[in-house]
Amino acid sequence: MEYKPNDIEKKWREWWKNNDVYRVENDSPKPKYYVLDMFPYPSGSGLHVGHPLGYIGSDIVARFKRMQGYNVLHPMGYDAFGLPAEQYAIQTGVHPAVSTAQNIQRYREQLDNIGFSFDWSREVQTSDPNYYKWTQWIFLQLFKHYYDRSFDKAMPIEGLVAQFEKEGNANVEAATSQEAFFTAEAWKAFSPKEKDDVLMNYRLAYRKTTYVWWCEALGTVLANDEVKDGVSERGGYSVERKPMLQWSLRITAYAERLLNGLQEVDFSEAMKKMQGNWIGRSEGAQMFFEIPSSPSPLGGAGGERLEIFTTRPDTIFGATFMVLAPEHVLVKQITTPSQRQEIEAYLQYVNTRSERDRMAETKEVSGAFTGAYAVNPFNGEKIPIWIAEYVLKDYGTGAIMAVPADDERDMRFAKKFNLPIVEVIDKSMYPNATIEDKLGKMINSDFLNGMEVLDAIEAILQKIEAMGIGKRRINYKLRDAIYSRQRYWGEPFPIVYDPDGVAHAMSDDELPLELPELDDFKPASGGKAPLARAEDWVHLPNGWTRETDTMPGFAGSSWYFLRYMDAHNNEEFASQKAINYWQDVDLYVGGTEHAVGHLMYSRFWHKFLYDKGLVPTQEPYKKLLNQGMIQGVSMYFYYIEIQVRPNDSEILSPMDRDDVDNIVIYGAFDSDFKIFTKSGLVKLNHRIFEFAGIQYLSNGYYKSIAWSIPVGLVENDDTLERSKLENLVESKFYEFPNIDLNRNVAWIEKNGKQYVQLVPQVEKMSKSKHNVINPDDVVAFYGADCFRLYEMVLGPIEQAKPWDTKGIDGVFKFLRKMWELFFDNNGKFKVSDEAANKDELKVLHTCIKKVTEDIERFSFNTCVSGFMICVNDLRSMNCTKRSVLEPLVKMIAPFAPHIAEELWHRLGHEDSVCKADYPVFDESYLFSDMVTYPVSINGKKRDLVELPAGMSVPELEKLALELDSVKKWLEGMAVKKVIVVPGRMINIVV
RNA sequence: GCCGAAGUGGCGGAACUGGUAGACGCGCUGGACUCAAAAUCCAGUGAUGGCGACAUCGUGUGGGUUCGAGUCCCACCUUCGGUACCA
């Protein structure tokens with residue numbers, strides 16, 4: 001009987017579905033286990049072979065735990081709001097809901113094809129009003145709460161209002177952006193709008209004008225983690241800093257708890273580090289410097305105080321200048337008339353610089369002098385105040401005291417502008433210390449002289465606080481999360497504004513506030529969101545208006561794991577009963593790319609819900625497993641035309657100049673180029689960082705085109721036939737077809753045809769790179785079980801690896817061999833009820849032990865090799881015994897559920913193998929009578945000897961020394977020592 | 001630059017707490033079956049030397065600790081991720 005996966009797999013998938021095998025209930029006497037995958041965004045290109053990697057791993061764990069007697073929650077859903085569907089809608093007019101539904105359907109088919117054990121009755125879609133009703137509800141809870149530092153938790157805003165009415169805000173300890181103090185009387189006298197403005201400085205979800213990342217191309221603002229390398233993460237469009245009125249979430253209130261919480265979760269060290277760095281805690285001092293009254297052209301009264309943050313208050317005697325961020329509010333007030341022009345010019349320069357420019361040249365310093373001076377509170381010296389780009393508006397107070405002797409950036413600045421440098425730390429006794437290390441003895445520092453840095457910090461902090469010129473302070477890099485998007489396809493804010501512009505929460509019974517229908521999804525005029533077009537929806541009969549921004553992608557994904565616990569609840573986001581049963585996620589599987597986005601936000605929301613008493617745990621995810629990306633191999637055709645200029649020795653140095661008239665370059669961008677010239681191949685040691693398209697460097701010496709070629713067209717030796725390339729060009733497959741194929745391409749002649757050499761490059765799978773492998777194709781050919789096993793066999797699940805199908809035949813062979821254990825040559829089922837012998841049981845239990853232990857440590861690749869060893873051994877023993885084969889079927893069921901189910905039923909069972917008990921290994925079967933000892937001399941293996949197990953150390957030692965091979969090596973040498981590890985090895989030292 | 005992870009045959013990768021390096025799979029070589037091929041099965045397969053038993057070398061590089069190091073320590077090199085003027 002031949003193993004034909006297609007004959008059995010579909011049958012069992014239907015059977016599982018019809019019998020509701022994977023449905024899980026919320027009450028069970030069994031212990032609970034929650035295995036969760038990061039739910040996907042259903043993109044238009046469907047799943048590729050990289051997506052299921054993590055899903056297969058988590059499915060194995062879910063099935064394994066189920067068979068071990070746990071009540072396992074293993075759900076799946078879709079992160080269904082998002083930009084691509086909306087961009088697609090703008091281009092085609094297809095409503096995002098329609099395209100999203102189509103994509104979801106396709107994802108579902110692809111997922112079903114692989115035989116996952118998801119409980120689909122709990123499916124969630126973030127764009128479903130029944131779901132986002134609760135996203136809106138949680139948002140309103142954030143809106144209605146503030147963070148009270150004295151209780152160290154979120155508290156209702158009403159309590160705060162009551163306190164304001166009683167005594168103003170002077171004694172309020174809260175996470176706030178409120179700076180001014182007010183009395184109870186003042187509070188009562190505020191207008192509703194003024195009160196609203198004040199409360200916005202306390203609310204955990206608040207609306208305020210802040211500097212945000214604005215992306216013109218996407219027509220929306222973006223959160224910090226959505227901006228990478230100075231461009232938008234989606235699309236790579238340029239972004240700019242802009243003050244805008246936006247909703248934000250006060251995640252900074254939870255900075256400390258988010259940091260501390262990392263200690264209690266089982267995340268990889270790398271992941272914890274990444275989140276820790278993102279939070280960026282630093283201890284230091286907030287200090288005030290007087291700016292003596294100076295005439296201000298803009299009417300500033302003078303006598304301002306400049307507030308700075310520093311982690312090195314000890315170096316204050318080395319502070320030779322101050323630097324403000326260009327956007328700092330004091331800049332206009334303190335600039336002297338004589339410096340005004342210079343400052344204006346500099347501000348203008350800063351304005352023209354994109355974020356990318358700023359990042360590109362961090363070594364280059366720039367700045368301008370305001371003409372104003374601050375006073376060093378310790379020695380009364382006047383310190384000039386400058387402004388410079390390198391001081392960021394968002395960090396600390398947007399102002400620093402610059403200590404060039406002790407800070408690299410300040411040093412560069414001082415050197416460039418000839419500012420004095422005063423050494424304050426003697427590092428001579430720490431020759432290896434860098435400039436920033438907190439090591440050394442204070443000098444030139446008055447009362448600090450002679451102290452070690454750390455002592456000096458403590459000493460001056462005390463002094464600063466005693467003098468009332470500052471305070472100890474902890475600063476975080478973490479920024480509040482911008483929560484508004486000027487987009488259509490997201491959750492509408494359940495917020496209405498009265499004619500004064502005061503924000504009001506909608507009442508719970510009005511939720512969900514559904515998205516209105518639109519037929520044009522482009523942004524409305526004036527930087528407004530598309531929803532502004534839905535005028536009937538925006539304008540309420542009483543003259544009030546709705547918020548037209550929508551929530552960002554991370555809104556729905558911040559709490560979805562809770563919804564799975566009770567997915568159809570219309571009264572609550574999930575019942576307390578369900579939440580208290582399932583508690584938290586035991587295993588969360590997903591990619592590292594969500595380290596600082598999704599994971600931080602959902603941990604933040606969870607802590608807020610914990611404060612509200614709505615969830616029982618502080619952390620949502622106990623264990624995080626990051627699956628590596630499966631990359632694709634893209635075949636690139638690189639075309640570069642170089643205009644050689646006489647003195648470009650820098651770029652052309654490795655080449656023979658005479659050769660360079662017509663050259664074509666193939667190579668990986670962002671790595672060294674290989675150049676084919678008439679005389680062969682040379683290497684150009686120059687790096688180019690841009691991708692496809694024509695690029696001119698500032699001095700204009702080359703243009704380049706990089707095309708990724710559809711893999712199907714490529715020959716085995718990585719070449720592409722000329723006619724195929726020409727077809728691609730003619731069919732306008734590429735955007736830049738105007739190249740001269742005759743002049744600039746080095747053709748290779750093969751079988752009378754011309755070919756061009758392509759360069760393979762491993763990179764992320766994506767439609768645009770034509771390197772996507774669809775799991776459906778693999779499943780259709782080899783079967784889902786084979787696909788699942790193969791993805792596991794590729795290597796450790798956490799490692800990134802390129803997809804290639806080299807080893808898949810080996811996995812298929814293994815499945816066939818296993819299948820053949822159950823059938824004789826005539827295709828008859830041949831399992832016997834004869835008792836198993838010792839050897840067979842040893843093989844079986846060795847495998848059970850290995851697999852059980854390896855699943856627990858997520859080492860799925862070694863599990864598969866364990867199965868292979870087991871099957872090979874049983875095969876060579878001709879084992880046909882039920883007492884061995886039945887446990888084997890159970891054991892492999894989590895990995896290859898279809899074949900396991902088929903064999904399980906053939907073994908006579910009626911119920912699903914998923915419901916069977918996982919085999920437990922028995923140590924007694926693993927015991928051997930004989931042990932093979934390696935005998936080493938001075939640590940070098942010289943012989944192997946088979947000895948009975950259980951021999952004592954002196955016996956082993958004696959036997960070893962009597963071996964012929966050992967005697968030969970010991971001739972003329974005195975044995976100094978014999979080391980025997982029973983059951984392991986023997987080492988003789990001479 | 002800083003932080004993190006990793007470097008093992010022709011390839012993917014094993015080796016859990018220091019104890020037989022290269023499990024398992026791919027590929028390759030030889031053989032069986034076949035008119036032949038594919039498929040399948042059997043054997044071999046780190047490198048070098050030797051007919052051979054065997055010997056020497058071998059886990060990025062250089063040092064160290066240890067009876068014994070892929071594993072621990074120090075220095076360095078390379079690759080991949082993260083991050084970027086964070087005061």
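Order of the sequence lines sets the chain letters (A, B, ...), proteins ahead of strands, with each chain counted from 1.
Of the candidates C41(B), U20(B), G19(B), the closest approach to any side-chain atom of L944(A) belongs to U20(B). For T932(A), the listed nucleotide lying nearest its side chain is U20(B); candidates were U20(B), A87(B), G4(B). When the nucleotides C41(B), C3(B), C24(B) are ranked by their closest atom to the side chain of I869(A), C24(B) comes out on top. The side chain of K801(A) approaches G13(B) more closely than any other nucleotide in the set C86(B), U20(B), G13(B). Listed nucleotides: A87(B), C16(B), C85(B). Nearest to the side chain of R412(A): C85(B). You'll find that the side chain of N987(A) is closest to G19(B), out of G13(B), G19(B), C3(B). Among G19(B), C24(B), A15(B), the nucleotide with an atom closest to any side-chain atom of R857(A) is A15(B). In this structure, of C11(B), G82(B), C85(B), it is G82(B) that holds the atom nearest to the side chain of M274(A). Of the candidates C24(B), C11(B), C67(B), the closest approach to any side-chain atom of N872(A) belongs to C24(B). Side-chain proximity of M868(A) to the nucleotides G13(B), G25(B), C41(B) is greatest for G25(B).
Taking the six-membered ring wherever Trp is involved, the centroid distance between the rings of F812(A) and Y3(A) falls below 6.0 Å. Residues F787(A) and Y782(A) place their aromatic rings such that the two centres sit no closer than 6.0 Å.
A sub-4.0 Å separation between OP1 or OP2 of A14(B) and a side-chain N or O of N861(A) is present. Side-chain N/O atoms of R875(A) include none lying less than 4.0 angstrom from OP1 or OP2 on C42(B). Note on R984(A): every side-chain N or O is 4.0 Å or more away from OP1 and OP2 of G68(B). Phosphate proximity of U40(B) to R816(A): present, with a side-chain N or O under 4.0 Å from OP1 or OP2. Dashed line: the shortest gap from a side-chain N or O of S282(A) to OP1 or OP2 of A87(B) is under 4.0 Å. Residue K940(A) places at least one side-chain N or O under 4.0 Å from the OP1 or OP2 atom of C57(B).
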In dot-bracket notation, what is the pairing pattern of RNA chain B, taking Watson-Crick (N1-N3 plus N6-O4 or O6-N4) and G-U wobble (N1-O2 and O6-N3) contacts under 3.5 Å, with [ ] crossing and | for other strands?
-> (((((((..(((......[....)))((((((.......))))))((((....))))..(((((..]....))))))))))))....
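Nearest-nucleotide positions on RNA chain B place V864(A) closer to the 5' end than the other of V989(A) and V864(A). Nearest-nucleotide positions on RNA chain B place P934(A) closer to the 5' end than the other of P934(A) and K817(A).
Of the C1' atoms belonging to G58(B) and G7(B), the separation is 16 Å, rounded to the nearest Å.
Atom CZ of R942(A) is separated from atom C1' of G68(B) by 14 Å (rounded to the nearest Å). Straight-line distance from the CE atom of M792(A) to the C1' atom of G12(B): 14 Å, rounded to whole Å. Across the protein-nucleic acid pair, Q799(A) atom CD and G4(B) atom C1' stand 15 Å apart, rounded to whole Å.
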Determine, step by step, whether W386(A) and Y346(A) satisfy the ring pair (Phe, Tyr, Trp, His ring centres under 6.0 Å) criterion, reporting the C-alpha distance in whole Å, the side-chain angles of both residues, the deciding distance to 0.1 Å, and the verdict.
-> CA-CA 11 Å; W386(A) 288 65; Y346(A) 184 68; 9.4 Å; no
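In this structure G82(B) sits in the anti conformation; its chi angle is more than 90° from 0.
For T862(A) and S859(A), the side-chain atoms include at least one donor-acceptor pair closer than 3.5 Å.
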